[in-house]
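First the structure, in the form of structure tokens, and then the observations on it.
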Amino acid sequence: MGSAAASPLSGAKRPRLTFLGTGYLGATYAICFAEMGYRVIGFDVDVDKIARLANGTLPFHEPGLENLLRRNLAAGRLQFSTNLAQIAEFGDVHFICVGTPQQADGMGADLSYVEAAVTGLSQNLTRKALIVGKSTVPVGTVEWVEQLVSKNAPADLGIEVAWSPEFLQEGFAVDDVLRPNRIVIGVKTEWAKDMLHATHKGVLDLAAAEGRTVPLMVTDFATAELVKVAANAFLATKISFINAMAEVCEVAGGDVVQLAQAIGYDPRIGNRFLQAGVGFGGGCLPKDIRAFQARAQELGVGDALRFLHEVDLINLRCRPRVMRLAAELLGRRSGPAGPDLSGTRIAVLGATFKPNSDDVRDAPALAVAALLAKSGSDVRVYDPQGMENARMVQPKLTYAPTLNDAIRSADLVCVLTEWAEFRESDPYVLGTLVASRRVVDGRNCLDSARWMKAGWQYRGMGRS
Ligand code: UGA
């Protein structure tokens with residue numbers, strides 16, 4: 001690692017930070033770093049989003065975050081802007097947090113937002129600064145970002161680039177940023193390392209004050225980029241593993257919930273991310289395992305990640321499996337084109353890809369709701385937080401304003417996102433509202449014994 005020339009910033013205790021892209025990732029980071037005492041500006045090209053954030057309104061649902069937003073706006077540490085020149089002048093460290101969605105016509109990642117953010121920022125920089133990528137990208141992207149910077153920023157500024165992946169989970173994002181289980185920084189120079197150390201001092205100090213330690217790993221660029229996709233590939237594989245076991249349990253007469261519990265007692269396996277159900281969705285795992293495969297192909301090691309294709313297929317198979325269970329309970333036959341569910345009414349509980357989020361990106365619940373409707377059923381969808389987003393993605397579905405409205409007169413209830421509101425609802429009370437007491441527990445999240453005692457025909461995923 002070569003040492004860069006001394007700069008007025010070296011040793012800075014509290015670098016000023018900017019976050020480009022104020023989606024889940026950038027907004028959460030901007031707000032949480034302001035909470036740790038840093039001066040922060042969040043930048044976005046979306047004027048409406050920036051106006052809402054600047055007014056103290058979070059454009060998405062994330063427990064605990066809106067309070068922090070308001071508190072830090074009021075304290076004057078946190079600002080939002082659509083002005084690149086302003087953030088270029090302000091920031092010592094600029095974090096790139098824009099989306100890297102799946103390409104419209106392939107499995108690879110679309111890097112056009114990263115390109116636009118880095119180019120725009122570079123053209124406005126007037127002093128030395130560090131640009132740090134946080135977005136999930138294919139390995140090799142950092143070198144390309146360095147080239148973009150050298151093409152667009154004056155060479156004498158000595159702008160440097162680093163990569164520091166994030167691991168936050170929606171629904172737990174505040175804690176994941178303030179109390180991460182590790183920090184990974186991919187750097188090339190001591191200066192970049194020192195800057196990132198100063199940037200994370202707030203996180204390290206908080207950990208020390210709470211008697212914890214946070215491992216801070218310093219790696220090369222490629223490792224930092226790969227850590228993120230490898231972590232998500234592992235999590236996706238774990239979920240698909242248990243969903244594959246669920247498929248076997250279904251035909252062999254086993255119970256995947258007990259199976260997961262039993263294997264999870266082995267600390268080498270662990271019991272987390274072994275919840276069988278309708279599969280993984282969201283803006284990260286599905287597209288990340290595809291982009292990882294695409295990148296491995298380009299690098300000539302496609303065979304090494306061929307198993308991720310299988311992970312994807314197992315995951316997608318969970319959705320028609322819910323359909324089969326629904327048809328079975330309703331006494332309908334499934335043909336090659338799926339079951340005919342015309343004349344039935346089905347309540348779908350859940351639209352988001354997981355609870356405590358309003359995110360419906362690649363949400364299995366919403367996909368199954370659409371499949372059920374396509375099979376002819378009169379479907380009513382209810383979700384505690386995701387209705388607005390669901391309506392935008394699936395405008396043709398019928399939405400019910402409350403849980404009770406959704407299930408009233410239903411022939412079947414499908415629980416497809418494990419919200420507390422559903423897990424804790426009383427099967428006796430719900431039983432008085434439906435036409436027939438039939439339930440598919442697409443997340444194995446209900447107390448099956450209690451539901452059956454209340455007179456419900458219960459079917460879980462991978463449960464005899
Ligand atoms: C995921 C990773 O967990 C984060 O570490 C990562 O930072 C993030 O992606 C990202 O790349 O930004 P997230 O998408 O918020 O986080 O959601 P997860 O909690 O990982 O859940 C993903 C999906 O898997 C959900 O649909 C969930 O319902 C499903 N899941 C999870 C299961 O089906 N079974 C399980 O046992 C666990």
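Atom set for the values below is all heavy atoms of this structure, side chains included, hydrogens, waters and symmetry mates excluded. Indexing begins at 1, ligand by ligand and atom by atom, following the structure's order.
- Residue Gly279 has at least one heavy-atom neighbour below 4.0 Å for each of these atoms of ligand 1: 26 (O), 33 (O).
- Atom 6 (C) of ligand 1 has Leu168 O, 3.4 Å as its closest protein atom, hydrogens excluded (heavy atom only).
- Within ligand 1, counting atoms from 1 as listed, the ones closer than 4.0 Å to a heavy atom of Leu274 are 36 (O).
- A salt bridge links Glu66 to Arg70: one of the charged nitrogens lies within less than 4.0 Å of a carboxylate oxygen.
- At a 4.0 Å cut-off, at least one heavy atom of Lys228 sits close enough to ligand 1 to count as contact.
- Gln275 N, 2.8 Å is the protein heavy atom nearest to atom 36 (O) of ligand 1.
- In this structure, Arg306 does not pair ionically with Asp312, as no charged nitrogen and carboxylate oxygen lie closer than 4.0 Å.
- Contacts between Ile242 and ligand 1 below 4.0 angstrom, taking non-hydrogen atoms only, are absent altogether.
- Side-chain atoms of Lys228 and Thr136 include a donor-acceptor pair closer than 3.5 Å.
- Salt bridge status for Glu210 with Arg179: present, with a side-chain N to carboxylate O gap under 4.0 Å.
- Taking the six-membered ring for Trp and the full ring otherwise, Phe43 and Phe19 have centroids separated by 6.0 Å or more.
- Under the 3.5 Å distance criterion, with hydrogens and angles disregarded, a donor-acceptor pair is assigned to the side chains of Asn72 and Glu35.
- Annotation: atom 28 (O) of ligand 1 to nearest protein heavy atom, Arg443 NH1, 3.1 Å.
- The proximity of Leu25 to ligand 1, defined as any non-hydrogen pair under 4.0 Å, does not occur for either the backbone or the side chain.
- Ring-plane geometry between Phe95 and Phe33 is classed as tilted, the angle between the planes lying from 30 to 60 degrees on a 0 to 90 degree scale.
- Contact analysis leaves Gly277 out of contact with ligand 1, as no non-hydrogen atom separation drops below 4.0 angstrom.
- Judged purely by atom type and a 3.5 angstrom limit, Glu166 uses its side chain to pair as donor or acceptor with the backbone of Leu168.
- Atom CZ in Phe280 sits 15.0 Å away from atom CD in Gln275 (nearest 0.5 Å).
- The nearest protein atom to atom 14 (O) of ligand 1, hydrogens excluded, is given as Phe353 CE1, 3.5 Å; this is a heavy-atom distance.
- When heavy-atom distances to ligand 1 are checked against a 4.0 Å cut-off, Asn243 has no atom that comes that close, whether in backbone or side chain.
- Close contacts of ligand 1 with Phe280, meaning ligand atoms under 4.0 Å from a residue heavy atom, involve 23 (C), 24 (O), 26 (O), 29 (C).
- No N or O atom of Thr136 sits closer than 3.5 Å to an N or O atom of ligand 1.
- For the residues Leu235, Ile239, Val229, Leu285, the heavy atom positioned nearest atom 22 (C) of ligand 1 is part of Leu285.
- In this structure, Cys284 is part of the shell of residues with a heavy atom less than 4.0 angstrom from ligand 1.
- Near Glu170, meaning under 4.0 Å from one of its heavy atoms, ligand 1 places the atoms 15 (O).
- One finds no salt bridge joining Lys354 and Asp359 here, because no Lys/Arg side-chain nitrogen approaches an Asp/Glu carboxylate oxygen to under 4.0 Å.
- Neither the backbone nor the side chain of Lys238 has a heavy atom within less than 4.0 Å of ligand 1.
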- prompt: Is there a side chain to side chain contact (heavy atoms under 4.5 Å, CB included) between Arg438 and Leu330 once you walk through the steps?
  reply: CA-CA 8 Å; Arg438 303 185 184 104; Leu330 289 164; 3.5 Å; yes

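- Counting protein heavy atoms only, atom 2 (C) of ligand 1 is closest to Asn232 OD1, 3.6 Å.
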